[in-house]
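Reminder, nothing fancy here: chain letters follow the sequence lines and each chain counts from 1.
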Protein chains: 2
Amino acid sequence: MRAKVTVMLKNGVLDPQGEAVKSALGALGFAGVDAVRQGKVIELDLAETDAAAAEATVRDMCEKLLANTVIESYGVEIL
Amino acid sequence: MRAKVTVMLKNGVLDPQGEAVKSALGALGFAGVDAVRQGKVIELDLAETDAAAAEATVRDMCEKLLANTVIESYGVEIL
């Protein structure tokens, strides 16, 4: 079973990576970029074959390791 | 228009971040994790209102800045 986790900074948390990308795009001549947010994506190959159990395990992984839930939100997709 | 870019290392390229996450998950007691790959996700808010034009612009941004196409592949989603 394959799972995809997306971790983004919560709204209101300063995102210096996103700001850097935005200003670099401007410097390269790309106009009309209003905002940029950068996060991470983690793809996991799991031995688990039940989708519901896999999702529960991956959410547990997010709470314990993959996301800092004070400042980050995460989404889990089972593929 | 909002666009979401996902950048992952190409298959065959060593992914030390993914390996580190995999071994940390093992140390936390999560068994059955066969492989982990880590990439980045970039969300862009664009002034452009035409979806096809927005996608073309974002692909151009990926080629020029957001992805290192020697070792990374990217996907563009217009939301």
Side-chain angles (χ1 to χ4, degrees), chain A residues 1-11 13 15-50 53-68 72-75 77 79, chain B residues 1-11 13 15-50 53-68 72-75 77 79:
Chain A
M1 198 114 246
R2 174 166 281 203
K4 187 172 165 181
V5 174
T6 309
V7 179
M8 300 293 292
L9 285 168
K10 287 181 179 169
N11 285 333
V13 178
D15 179 1
Q17 275 190 305
E19 288 303 312
V21 170
K22 186 182 165 190
S23 85
L25 287 172
L28 284 172
F30 291 103
V33 180
D34 295 331
V36 180
R37 306 281 288 171
Q38 186 167 334
K40 55 191 171 170
V41 55
I42 299 153
E43 281 183 6
L44 302 132
D45 286 333
L46 302 169
E48 180 64 62
T49 51
D50 178 62
E55 181 166 347
T57 306
V58 173
R59 288 193 175 277
D60 200 21
M61 290 174 184
C62 289
E63 293 287 338
K64 287 192 179 145
L65 178 75
L66 303 178
N68 174 355
E72 291 172 329
S73 59
Y74 61 86
E77 242 179 291
L79 309 174
Chain B
M1 199 113 247
R2 173 166 281 205
K4 187 173 166 180
V5 175
T6 308
V7 180
M8 299 294 290
L9 285 168
K10 287 181 179 169
N11 285 333
V13 178
D15 179 0
Q17 275 190 305
E19 287 303 312
V21 169
K22 187 183 164 191
S23 84
L25 286 172
L28 284 172
F30 291 104
V33 180
D34 296 330
V36 181
R37 306 281 289 169
Q38 186 167 336
K40 53 190 173 173
V41 55
I42 300 153
E43 282 184 5
L44 302 132
D45 286 333
L46 302 168
E48 179 66 60
T49 52
D50 178 63
E55 181 167 346
T57 307
V58 173
R59 286 193 177 276
D60 199 21
M61 290 174 183
C62 288
E63 294 287 336
K64 288 192 179 144
L65 178 74
L66 303 179
N68 174 356
E72 292 172 327
S73 59
Y74 62 86
E77 243 179 292
L79 310 174

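Note: A/Leu65 leads A/Leu65, A/Thr57, A/Thr6, A/Val5 in heavy-atom pairs under 4.5 Å with chain B. Chain A forms more heavy-atom pairs under 4.5 Å with one residue of B/Leu44, B/Val7, B/Leu66 than with any other, namely B/Leu44.
Rounding to the nearest 0.5 angstrom, the gap separating the CD1 atom in A/Ile42 from the CE atom in B/Met8 is 9.0 Å.
Smallest separation of non-hydrogen atoms from A/Met61 and B/Val33: CE-CG2, 3.7 Å.
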Under 3.5 Å, side-chain donor or acceptor atoms of residues 20-29 of chain B against the rest of the protein: list the pairs with distances, not counting sequence neighbours.
from: B/Lys22; atom 1: NZ; to: B/Asp34; atom 2: O; distance (Å): 3.3
from: B/Ser23; atom 1: OG; to: B/Ala20; atom 2: O; distance (Å): 3.4

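There is no contact between B/Met1 and chain A, counting heavy-atom distances below 4.5 Å.
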